[in-house]
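Report on one structure; see the data block that follows.
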There are 2 protein chains.
Amino acid sequence: MVSSAQSSVIAPNLAVSTVIFTLRPNADGCLKLALPLVKRIRAPFEGQWALPGGPLNISEDLATAASRNLLETTHLEPRYLEQLYAFGSLDRSPGSNLADRVVSIVYWALVGNDEAGTAVESENVQWFWADELPALAFDHNEIVNYALWRLRNKLEYSRLAHRFLPELFTLAQLREVYEAVLNRELDPGNFRRTVEAEGAVVPTGERLAGTKHRPPQLYRANQTGEN
Amino acid sequence: MVSSAQSSVIAPNLAVSTVIFTLRPNADGCLKLALPLVKRIRAPFEGQWALPGGPLNISEDLATAASRNLLETTHLEPRYLEQLYAFGSLDRSPGSNLADRVVSIVYWALVGNDEAGTAVESENVQWFWADELPALAFDHNEIVNYALWRLRNKLEYSRLAHRFLPELFTLAQLREVYEAVLNRELDPGNFRRTVEAEGAVVPTGERLAGTKHRPPQLYRANQTGEN
DNA sequence: TATCTTAGTGTCATTTTGACTTTTAGTTCT
DNA sequence: AGAACTAAAAGTCAAAATGACACTAAGATA
């Protein structure tokens with residue numbers, strides 16, 4: 001008992017933070033990446049925006065802690081959750097002394113764009129466009145940029161686009177996710193071809209009605225062999 | 001002061017460990033992946049083999065800590081060093097109580113096969129073939145498997161094969177690295193084509209003499225746009 | 001009925017990939 | 001010296017993947 005308390009005095013503190021992505025329509029109606037930030041209510045960086053997070057509870061798993069502070073800030077459940085990186089530079093909080101050093105284990109998460117509408121916004125919690133962030137507390141701008149890089153990378157060789165969408169979706173919606181995240185247009189025909197060749201989606205036979213053109217088929221994600 | 005000491009008492013301890021890969025020739029003379037392990041001299045898992053590592057010093061960067069314990073166990077400098085993952089499950093050390101919970105930030109490193117020959121072996125530090133590991137302490141078998149997966153993955157879309165080799169190398173040597181890590185044979189002609197197309201190597205004009213066949217050209221790694 | 005819009009299919013040229021052949025330049029064997 | 005041997009280096013070719021684009025289908029709307 002004594003030994004662990006003693007060694008802790010000279011050990012850095014551990015925190016868990018989460019970069020939470022969703023897609024929401026902007027003024028033009030096209031989807032854009034957005035993420036929630038919380039306003040800091042104490043020094044350092046008081047009043048500036050930061051990633052949601054907090055100290056790791058001794059009896060809590062890392063992913064559980066990430067999931068918990070996702071729920072606490074947004075009242076949402078993650079559709080996807082993955083560890084991003086452990087940030088532990090000595091100069092993360094300029095001016096503070098070593099005894100207050102914090103190592104942050106950062107996760108990134110996706111939440112559905114259907115659910116993200118129900119997410120809370122308040123004085124201290126707001127959603128920002130991922131490409132229009134203000135200057136954040138600590139090294140959080142760096143962290144978000146790395147998370148963005150990882151999301152874009154992973155989207156191309158993995159099947160996680162559907163996690164932004166409800167259970168049933170059209171190929172056009174899925175393509176829109178890719179276009180919003182990767183920030184470039186994709187050829188609808190070629191997109192269909194690759195998605196079908198990968199077996200990433202399963203046709204349901206049902207069609208989406210109410211569009212002002214030919215009704216598109218609804219698909220669901222192919223769970224088998226996903227990751 | 002008091003506050004950080006108090007909060008530390010209920011915080012997990014932080015350690016840094018490193019999976020160190022090199023390539024060494026086996027009995028048949030072909031290269032195989034090897035890594036150094038240290039024998040635990042105290043409970044838990046006393047007498048079992050484990051990854052080199054130790055507690056994170058309060059005034060030390062994460063990568064610096066990894067580099068340091070690499071130097072301490074093998075007396076080598078890493079040619080490549082990258083963070084792997086932060087492992088923090090509650091059940092990493094079965095039977096121990098929460099106050100002794102350790103979160104390990106694990107790095108993986110490559111060292112040159114030329115230098116690895118000079119690496120120390122002792123009663124408590126030995127090199128093992130990566131595919132013939134004994135049952136390791138804690139969750140270290142899992143960790144090594146994940147590091148292996150990451151190494152193989154990264155080798156295919158990144159340029160790190162040359163980090164196993166000295167400054168000048170032949171394409172056959174580079175190919176041998178790929179073959180040893182990926183554990184499958186590659187067509188020499190196609191390998192040359194892709195490596196040259198990527199611009200991964202720069203011909204030096206010099207040739208390696210003393211082979212019992214046509215002397216191969218020596219290349220060096222193309223540093224520009226490496227990662 | 002004609003028009004509009006997107007769904008869904010089809011075509012084709014270019015590039016990339018994998019399997020394989022041929023030529024080259026050295027050593028070794030006879 | 002010449003033949004045999006080995007791996008380097010260059011070249012060939014068909015199959016597969018990719019990107020650009022045209023065409024047809026099926027609904028809503030005017």
Side-chain angles (χ1 to χ4, degrees), chain A residues 25 28-31 152-153 155-159 161-162 165-166 168-180 182-222, chain B residues 25 28-31 152-153 155-159 161-162 165-166 168-180 182-222:
Chain A
D28 304 347
C30 48
L31 292 180
R152 290 182 172 129
N153 227 27
L155 194 71
E156 296 202 280
Y157 66 84
S158 204
R159 295 179 193 167
H162 68 90
L165 299 172
L168 299 182
F169 50 84
T170 68
L171 288 188
Q173 290 173 317
L174 191 65
R175 180 166 45 85
E176 217 187 337
V177 170
Y178 277 86
E179 292 181 333
L182 300 178
N183 217 15
R184 79 183 132 91
E185 298 204 336
L186 299 176
D187 179 88
N190 294 340
F191 180 77
R192 170 183 299 270
R193 182 176 58 191
T194 46
V195 166
E196 282 176 346
E198 286 167 0
V201 296
V202 180
T204 62
E206 290 173 61
R207 304 188 159 274
L208 179 65
T211 58
K212 56 179 182 179
H213 53 76
R214 175 174 178 177
Q217 185 166 185
L218 287 167
Y219 293 80
R220 74 177 74 241
N222 183 1
Chain B
D28 305 346
C30 48
L31 292 181
R152 290 181 172 131
N153 226 25
L155 193 72
E156 298 201 278
Y157 67 86
S158 203
R159 296 180 192 166
H162 68 89
L165 299 172
L168 299 183
F169 51 84
T170 68
L171 289 188
Q173 289 173 317
L174 191 65
R175 180 167 45 86
E176 217 187 338
V177 170
Y178 277 86
E179 292 181 334
L182 301 178
N183 217 15
R184 79 184 130 92
E185 297 205 336
L186 299 175
D187 179 87
N190 295 339
F191 180 78
R192 169 183 300 270
R193 182 176 59 190
T194 46
V195 166
E196 282 175 346
E198 285 167 0
V201 296
V202 180
T204 62
E206 289 174 62
R207 302 183 161 278
L208 179 66
T211 58
K212 56 180 181 178
H213 52 77
R214 177 173 175 175
Q217 187 166 183
L218 287 168
Y219 293 79
R220 74 178 73 239
N222 182 2

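Nothing here was measured: the structure is a model prediction, and the numbers come from that model. Just so you know, these numbers use all the heavy atoms, side chains as well, and skip hydrogens, waters and symmetry mates. Lettering follows sequence order; numbering is per chain, from 1.
- For B:His213, counting side-chain heavy atoms from C-beta on, the closest listed nucleotide (D:dA9, D:dA7, D:dA28) is D:dA7.
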(message) One pair to check against side chain to side chain contact (heavy atoms under 4.5 Å, CB included): A:Leu182 and A:Glu156. What are the steps and the verdict?
(response) CA-CA 9 Å; A:Leu182 300 178; A:Glu156 296 202 280; 3.9 Å; yes
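- Within 4.0 Å of A:Ala172, counting heavy atoms only, lie sugar-phosphate atoms of the nucleic acid but no base atom.
- Taking atom CD of B:Glu156 as the reference point, atom C1' of C:dT17 lies 14 Å away to the nearest angstrom.
- Counting only heavy atoms from C-beta on, A:Asn190 has its side chain closest to D:dC21 among D:dC21, D:dA9, D:dT29.
- Among the nucleotides C:dT6, D:dA8, D:dC21, the one closest to the side chain of B:Pro216 is D:dA8.
- Of the candidate nucleotides D:dC21, C:dG26, D:dA8, C:dG26 has the atom nearest to the side chain of B:Pro215.
- In this structure, A:Arg175 does not reach the C:dT6 phosphate: none of its side-chain N or O atoms is under 4.0 Å from OP1 or OP2.
- A:Phe191 and A:Thr194 make their closest contact through O-OG1, 3.0 Å (heavy atoms, listed as atom of the first residue, atom of the second, distance).
- The distance from atom CD of B:Glu198 to atom C1' of C:dT16 is 12 Å, rounded to the nearest whole Å.
- Nearest nucleotide to the A:Arg214 side chain, out of D:dA8, C:dA7, D:dG27: C:dA7.
- Nearest heavy-atom pair, B:Leu174 versus B:His162, reported as atom, atom and distance to 0.1 Å: CD1-N, 3.9 Å.
- In this structure, A:Leu218 places its CG atom 9 Å from P of C:dG8, rounding to the nearest Å.
- One can place CG of A:Leu171 at 13 Å from C1' of C:dT9, the figure rounded to the nearest angstrom.
- Residue B:Ala180 comes nearest to B:Leu31 through the heavy atom pair CB-O, 3.3 Å, listed as atom of the first residue, atom of the second, then distance.
- Using a 4.0 Å heavy-atom distance criterion, B:Thr211 is classed as a sugar-phosphate-only contact.
- A donor-acceptor contact under 3.5 Å is not formed by the side chain of B:Arg193 with the base of D:dG11.
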